Trainee: 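One structure follows; several queries about it will come next.
Order of listing sets the numbers, starting from 1, for every ligand and every atom in it. Remember, it's a predicted structure, so these values are computed and weren't measured experimentally. All values below come from the heavy atoms of this structure, side chains included, with hydrogens, waters and symmetry mates left out.
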Amino acid sequence: AGGQWCYDSQDPKCGPSHWKELKATCGGDKQSPVNIDRRRLQRDSGLGDILFEGYDQAPPGKWRLANNGHTVVLSLASELASEHITISGGGLPSRYRALQLHFHWGSPAGNGSEHTLDGHQLPMELHIVHINVKYRTLAEAKGHPNGLAVLGFFFQVSETPNANYNTIVAGLRNVSQAGDSVDLASTFRLSTLLPHAGQLSGYYRYQGSLTTPDCSEVVVWTVFEEPVEIGREQLRAFVSTLHFPAAGPTLLKMTNNFRPPQPLRSRKIFASRA
Ligand code: B30
Ligand code: ZN
């Protein structure tokens with residue numbers, strides 16, 4: 001709804017600093033992403049391990065990869081298939097069901113995470129978007145302050161590829177243009193895209209928003225300390241293969257599809273451990 005939003009890399013005239021002109025919520029007091037200042041965290045002993053269910057099983061249906069014009073999205077081809085992929089515990093106010101995952105990245109020249117750590121951006125960030133099981137649709141969830149839970153994972157670049165990302169990286173060439181989608185041939189477990197299971201106890205928690213318009217302030221954010229490793233060439237494939245929607249005759253590579261950190265205002269960021 002409303003006008004067209006974009007990233008500065010597409011056109012500074014519709015970039016993040018203009019989003020609040022399209023959607024007033026984007027100028028709200030609980031916006032995401034934020035800088036995570038590790039000197040100002042509030043430790044919360046109630047933030048135990050998140051319970052991941054269905055993350056360790058190959059889903060019954062196929063994964064679908066799509067270029068939605070601002071990122072590459074992985075979802076299940078059948079809506080029903082994600083029924084049993086849920087997160088709960090870890091101080092979350094409800095159980096949440098996985099909807100989709102997507103990425104934010106930079107350019108050959110720079111990093112592209114959305115959340116920053118002590119003022120530093122990391123190379124890329126993975127978001128796994130979940131909906132509160134109390135709600136049926138995204139539209140319904142957007143009407144409730146705890147409607148969505150997004151898990152954020154930073155990436156760290158390694159010289160060797162992460163084989164668990166081969167299927168996604170190989171699929172990118174099939175979704176190089178906005179609107180493209182492809183069903184992936186191989187099935188894989190969601191857990192293989194994450195840091196190792198034993199390394200998920202450290203995370204940051206705060207109340208925020210979607211990082212794209214309409215910037216709804218309905219997201220319980222969890223950002224994990226432990227990064228996922230990705231090969232330099234694998235990361236390069238995101239930057240070099242995907243394109244934003246074409247505004248004219250020339251293709252525009254999909255780069256720097258991140259929103260910069262927003263003011264924390266009166267919010268606190270909680271840490272699962274000291
Ligand atoms: S994020 O994790 O905060 N980056 C949405 C979900 C998660 C985030 C941001 C947005 C979302 O579901 N947005 C509404 C759906 N989209 C359609 C789409 O295919 O992806 C509408 C839109 O923004 O215009 Cu993009
Ligand atoms: Zn995102």
Side-chain angles (χ1 to χ4, degrees), residues 1-7 10 14-16 18-20 22-23 25-26 28 30-34 36 63-77 79 82 87 96-106 111-116 121-132 135-155 168 175 177-182 190 193 203-224 228 238 242-245 254-262:
Q4 239 352 92
W5 63 271
C6 74
Y7 292 104
Q10 295 171 266
C14 51
H18 293 279
W19 293 355
K20 59 180 180 295
L22 301 167
K23 276 285 173 183
T25 315
C26 299
K30 298 168 86 175
Q31 289 292 292
S32 294
V34 294
I36 299 166
W63 290 109
R64 177 167 292 164
L65 197 65
N67 176 338
N68 70 6
H70 27 264
T71 184
V72 59
V73 185
L74 186 78
S75 56
L76 282 160
E79 165 98 3
S82 79
I87 53 169
Y96 291 81
R97 175 173 63 83
L99 285 179
Q100 50 105 325
L101 64 83
H102 63 268
F103 303 85
H104 301 267
W105 60 88
N111 289 343
S113 70
E114 296 210 297
H115 289 91
T116 55
Q121 221 176 352
L122 285 103
M124 181 158 81
E125 189 170 330
L126 160 66
H127 290 159
I128 311 183
V129 184
H130 302 74
I131 183 170
N132 192 320
Y135 310 123
R136 301 262 319 283
T137 63
L138 191 63
E140 189 188 355
K142 281 183 180 180
H144 301 271
N146 292 323
L148 299 171
V150 182
L151 305 182
F153 295 89
F154 293 122
F155 282 83
I168 291 177
V175 297
Q177 307 306 325
D180 288 351
S181 73
V182 65
L190 220 42
L193 302 181
Y203 60 83
Y204 311 110
R205 167 67 48 73
Y206 76 99
Q207 203 69 34
S209 75
L210 295 179
T211 66
T212 60
D214 54 13
C215 309
S216 295
E217 295 181 334
V218 298
V219 180
V220 182
W221 273 97
T222 306
V223 179
F224 289 85
V228 181
F238 282 79
L242 300 162
H243 297 86
F244 284 126
M254 190 178 277
T255 60
N256 296 318
N257 57 352
F258 62 87
R259 185 190 201 187
Q262 302 300 302

Trainee: Checking the side chain of D214 only, and the main-chain atoms of K23 only, is there a donor and an acceptor separated by less than 3.5 Å?
Mentor: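 Side chain of D214 to backbone of K23, a donor-acceptor pair under 3.5 Å: no, none is there.
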
Trainee: Show me which atoms of ligand 1 lie under 4.0 Å from any heavy atom of H104.
Mentor: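 This gives 4 (N) as the contact atoms.
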
Trainee: When you look for heavy atoms under 4.0 Å from ligand 1, do you find them on the side chain of L148, its backbone, both, or neither?
Mentor: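 Neither part.
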
Trainee: Check the side chains of N257 and Q10 for a donor-acceptor pair under 3.5 angstrom, ignoring hydrogens and angles.
Mentor: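 The criterion, which ignores hydrogens and geometry beyond distance, is not satisfied for N257 and Q10.
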
Trainee: Any donor-acceptor pair under 3.5 Å linking the side chain of H130 with the backbone of A149?
Mentor: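 Yes: the side chain of H130 pairs with the backbone of A149.
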
Trainee: In terms of ring plane angle, is the pair H127 and H102 parallel, tilted or perpendicular, where the classes change at 30° and 60°?
Mentor: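 Plane angle over 60°, so perpendicular.
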
Trainee: With the Zn ion (ligand 2) as the reference point, give the N/O/S atom of H104 that is nearest.
Mentor: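 Closest N, O or S atom of H104 to the Zn ion (ligand 2): NE2.
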
Trainee: In terms of the angle between their ring planes, are Y135 and H144 parallel, tilted or perpendicular, with boundaries placed at 30° and 60°?
Mentor: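 Y135 vs H144 ring planes: parallel.
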
Trainee: Just which atoms of ligand 1 are under 4.0 Å from any heavy atom in T212?
Mentor: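 Answer for ligand 1: 9 (C), 10 (C).
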
Trainee: Using atom types as modelled and distance alone, determine if a side-chain donor or acceptor of Q262 lies under 3.5 Å from a backbone N or O of P260.
Mentor: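 Yes, the answer is positive, given that a donor and an acceptor are paired below the 3.5 Å cut-off.
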
Trainee: Distance check, rounded to the nearest 0.5 Å: F258 atom CZ versus H104 atom NE2?
Mentor: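 Rounded to the nearest 0.5 Å, the CZ-NE2 separation comes to 11.0 Å.
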
Trainee: Pick whichever of T71, D214, L210 has a heavy atom sitting closest to atom 8 (C) of ligand 1.
Mentor: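 Among T71, D214, L210, the closest heavy atom to atom 8 (C) of ligand 1 belongs to L210.
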
Trainee: Take H115 and Y206 through the ring-ring contact (aromatic ring centres under 6.0 Å, His included) test and state the conclusion after the steps.
Mentor: CA-CA 12 Å; H115 289 91; Y206 76 99; 5.6 Å; yes

Trainee: Can you tell me the protein heavy atom closest to atom 24 (O) of ligand 1 and the distance?
Mentor: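 Closest protein heavy atom to atom 24 (O) of ligand 1: W5 NE1, 3.8 Å.
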
Trainee: In terms of atom number and element, which parts of ligand 1 are under 4.0 angstrom from non-hydrogen atoms of N68?
Mentor: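 Checking each atom against N68, I get 18 (C), 19 (O), 20 (O), 25 (Cu).
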
Trainee: Got an N/O contact under 3.5 Å between K142 and ligand 1?
Mentor: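 Between K142 and ligand 1 (N or O atoms, distance only) the closest approach is not under 3.5 Å.
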
Trainee: So, for atom 21 (C) of ligand 1, does the protein have a heavy atom nearer than 4.0 Å?
Mentor: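 For atom 21 (C) of ligand 1 the answer is no, since every protein heavy atom stays at 4.0 Å or beyond.
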
Trainee: Considering only heavy atoms, which of L101, V129, L138 lies nearest to atom 12 (O) of ligand 1?
Mentor: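 It is L138 whose heavy atom sits nearest to atom 12 (O) of ligand 1.
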
Trainee: Atom 23 (O) of ligand 1: which of Q100, H70, E125 has the nearest heavy atom?
Mentor: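 It is H70 whose heavy atom sits nearest to atom 23 (O) of ligand 1.
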
Trainee: Check each heavy atom of T211 against ligand 1 and say whether those closer than 4.0 Å belong to the side chain, the backbone, both or neither.
Mentor: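 It is both backbone and side chain that touch ligand 1.
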
Trainee: Would you find a donor on one side and an acceptor on the other, under 3.5 Å apart, between the side chain of N67 and the backbone of H243?
Mentor: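 Yes; judged by distance alone, with no hydrogens or angles, the pair exists.
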
Trainee: Applying a heavy-atom cut-off of 4.0 Å, say which part of W221 lies close to ligand 1: side chain, backbone, both or neither.
Mentor: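 Contact part for W221 vs ligand 1: side chain (C-beta onward).
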
Trainee: Taking distance alone, with no angle check, do H102 and ligand 1 share an N/O pair under 3.5 Å?
Mentor: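 H102 vs ligand 1: N/O contact under 3.5 Å present.
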
Trainee: For N/O/S atoms only: which one belongs to H127 and is nearest the Zn ion (ligand 2)?
Mentor: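 Considering only N, O and S atoms, H127 comes nearest to the Zn ion (ligand 2) through ND1.
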
Trainee: Checking side-chain polar atoms at under 3.5 Å, does R205 have a donor or acceptor matched by the opposite partner on T222?
Mentor: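 There is such a pair between these side chains.
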
